[in-house]
Amino acid sequence: MKITDIELRVYRWERGKPIRNGKHVYTDSGLSLLRIHTDDGVSGVGWAGKPATSGMAKVAQGLLEHFKPLLIGEDPFNYRRIWDALWEPKLVGRRGITTRFISGIDIALWDLMGVATGKPVHKLLGGFHDRVPAYIAGGYYQEGKGLSGLAAEMEENLDLGARAIKMKIGGASIKEDLERVRVVRGTIGEDVKLMVDANCAYSLREAIDIARKMEAYDVFWFEEPVAPDDYRGHGILARSTSIPIATGENEYTRYGFRDLIAHDAAAIYNADAQVLGGITEFMNVASLIAAHDLHIAPHGDQEIHLHLVGAISNGLIVEFYRETVDVNRGKIFEEKMTLDEDGYLTIPDRPGLGVTPNYDFLERHRVS
């Protein structure tokens with residue numbers, strides 16, 4: 001089997017009502033979909049990152065032209081050799097959009113290998129679980145939402161089977177955010193896990209302040225409290241609060257996670273295969289983190305990460321997005337995922353990633 005072509009299709013649409021986290025406002029969403037073809041007629045799909053602007057879509061097309069010659073003629077099962085050829089830090093791959101593009105290619109390779117062998121990706125990776133716990137991500141700031149709207153969203157999450165939820169902080173004063181945390185904890189009760197995510201909005205002093213004040217609300221983790229490259233600050237904060245610190249969604253490759261761990265930056269690492277270099281590098285990161293008896297709770301799309309948490313012993317929980325994050329979230333793929341009564345996702349036993357892009361929807365939003 002040889003790779004004969006790789007194609008890129010970029011899609012973008014409005015999210016509905018804009019949402020805001022601790023630092024950024026999001027008006028659009030989308031998908032940069034990569035499809036790898038082989039001479040056996042087998043193909044695989046992967047995706048990474050969101051096409052925030054038409055300019056970034058052009059950058060992605062340029063990256064496709066750069067990487068394509070390195071793929072054509074290769075056996076897709078030589079995924080480690082392919083990854084090594086793509087990741088050339090002097091030119092591309094050390095961090096940023098180039099590594100995210102490599103991630104999409106690598107994810108497509110794993111989907112292809114699953115389709116070719118008739119196996120789901122989590123089985124190809126070793127298979128540890130058949131279902132995994134999930135938390136519903138949300139709790140964004142939104143115009144007109146207020147405390148009552150935030151509570152209503154959490155009640156909907158409970159109705160969907162959530163046994164863990166995540167909310168945003170960092171986009172209001174510490175006093176206001178503490179009230180938001182108090183309302184959410186009161187709404188979900190004491191038996192549901194509560195995570196908070198600042199998206200790097202705080203200075204170290206502010207992060208220590210709010211962390212100590214949130215301890216009264218039994219917070220399961222405090223995510224991305226300070227800038228992603230402030231490894232030292234993460235470590236200081238971790239020693240200043242009883243709340244476990246989580247970080248890593250904006251970290252790249254095993255080398256970035258090596259440095260986070262060296263600073264005792266967190267107890268939980270939000271490694272994202274769509275960012276750090278794909279599934280191949282995610283598994284390297286997972287082994288590194290396991291060697292320190294720490295846990296991974298991936299950031300990013302559930303369609304990919306439930307396979308990865310399902311394949312490792314130190315996988316903690318999967319992030320789950322619903323329409324409160326993107327009004328079209330349920331239209332991207334033909335298959336629908338729902339939480340069971342325990343708040344778990346069952347890993348599909350279909351070949352590859354087990355999902356099919358909904359082209360009827362996507363082609364209406366294709367970026368030319």
Side-chain angles (χ1 to χ4, degrees), residues 18-27 50 52 94-97 135 137-143 145-147 150 165-185 193-253 255-272 275-276 289 294-300 319 325:
I19 56 176
R20 179 171 61 88
N21 64 22
K23 293 190 72 173
H24 307 287
V25 176
Y26 299 101
T27 59
K50 301 291 189 289
R94 186 165 183 266
R95 290 176 179 241
I97 191 171
Y135 67 89
Y140 284 83
Y141 304 93
Q142 219 165 12
E143 186 177 351
K145 187 174 186 177
L147 293 175
L150 181 62
I165 64 96
K166 188 170 79 178
M167 63 176 290
K168 299 299 183 180
I169 61 172
S173 69
I174 287 178
K175 181 179 179 181
E176 290 175 273
D177 273 337
L178 286 170
E179 180 63 7
R180 293 173 73 249
V181 172
R182 184 193 69 79
V183 166
V184 171
R185 172 52 77 195
K193 293 181 178 67
L194 170 60
M195 298 85 156
V196 299
D197 184 0
N199 293 104
C200 313
Y202 292 122
S203 68
L204 177 57
R205 180 192 61 78
E206 292 168 331
I208 292 172
D209 183 19
I210 194 169
R212 288 174 172 169
K213 291 172 179 175
M214 289 191 299
E215 289 173 354
Y217 299 110
D218 189 23
V219 174
F220 190 72
W221 78 51
F222 183 5
E223 182 174 337
E224 282 208 309
V226 295
D229 292 316
D230 186 3
Y231 300 161
R232 177 176 173 272
H234 277 89
I236 293 171
L237 175 61
R239 294 187 292 274
S240 302
T241 177
S242 62
I243 299 174
I245 302 303
T247 196
E249 73 176 71
N250 287 302
E251 195 53 81
Y252 295 89
T253 75
Y255 301 109
F257 284 91
R258 173 201 63 192
D259 294 342
L260 277 172
I261 292 169
H263 284 82
D264 293 323
I268 299 160
Y269 289 88
N270 307 125
D272 187 339
V275 171
L276 62 83
I289 292 172
L294 298 167
H295 285 95
I296 288 186
H299 168 270
E319 189 162 28
V325 174

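For the residue pair D177/Y141, the side-chain donor-acceptor check at 3.5 Å is satisfied.
A 6.0 Å sphere centred on NZ of K193 holds no more than 12 heavy atoms belonging to other residues, nucleotides or ligands.
Between F220 and K166 there is no side-chain heavy-atom pair separated by less than 4.5 Å. Using a 4.5 Å heavy-atom threshold, the side chains of R182 and Y217 count as touching. Side-chain contact between V226 and T247 is absent, with no heavy-atom pair separated by less than 4.5 Å. Taking the side chain as every heavy atom from C-beta outward, R185 and V183 never approach each other to under 4.5 Å. Here the side chains of F222 and I210 are in contact, with some heavy-atom distance below 4.5 Å.
For E319 (side chain) and A137 (main-chain N/O), no donor-acceptor pair under 3.5 Å exists by modelled atom type. With hydrogens and angles disregarded, no donor-acceptor distance shorter than 3.5 Å links the side chain of K168 to the backbone of N199. Without hydrogens or angle criteria, Y202 side chain to G170 main chain gives a donor-acceptor distance under 3.5 Å. The backbone N or O of G235 sits less than 3.5 Å from a side-chain atom of R239, completing a donor-acceptor pair.
Once rounded to the nearest 0.5 Å, the distance linking CD of E224 with CG of N270 reads 7.0 Å. Interatomic distance, NZ of K213 versus NZ of K175, reported as 10.5 Å (0.5 Å rounding). Here the NE2-CD1 distance, from H295 to I289, works out to 10.5 Å after rounding to the nearest 0.5 Å. In this structure, E223 CD and M195 CE are separated by 9.0 Å, a value rounded to the nearest 0.5 Å. Taking OH of Y231 as the start and CD1 of I261 as the end, the distance is 11.0 Å to the nearest 0.5 Å. The distance from atom CD of E179 to atom CG of L147, rounded to the nearest 0.5 Å, is 5.5 Å.
K23 is linked by a salt bridge (Lys or Arg N to Asp or Glu O under 4.0 Å) to nothing, counting only residues two or more places apart in sequence or in another chain. Taking I208 as the reference, L204, R212, I236, L237, S240 meet the side chain to side chain contact (heavy atoms under 4.5 Å, CB included) condition, with sequence neighbours excluded. Applying the salt bridge (Lys or Arg N to Asp or Glu O under 4.0 Å) criterion to D229, with sequence neighbours excluded, gives R95.
The aromatic rings of F257 and Y269 lie perpendicular to each other, with more than 60° between the two planes, well past the 30° mark.
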Open item on the list: I'd like to know whether L194 forms a side chain to side chain contact (heavy atoms under 4.5 Å, CB included) with I165, so could you lay out the CA-CA distance, the side-chain angles of the two residues, the decisive distance to 0.1 Å, and finally the verdict.
Closed with: CA-CA 5 Å; L194 170 60; I165 64 96; 3.4 Å; yes
Task: Test side chain to side chain contact (heavy atoms under 4.5 Å, CB included) applied to E251 and L276, step by step - done: CA-CA 6 Å; E251 195 53 81; L276 62 83; over 6 Å; no
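Nearest heavy-atom pair across D264 and A238 is O-CB, 4.0 Å. Nearest approach of P225 to A207, heavy atoms of both residues: CB-CB, 4.1 Å. Minimum interatomic distance between D197 and E249 (heavy atoms only, all atoms of both residues): OD2-OE1, 4.3 Å. Summarising the geometry of G248 relative to L260, their closest heavy-atom pair is CA-CD1, 4.3 Å, with the distance given to 0.1 Å. Nearest heavy-atom pair across R20 and Y140 is O-CD2, 3.4 Å. When all heavy atoms are compared, the tightest approach of A265 to I245 is O-CG2, 3.6 Å.
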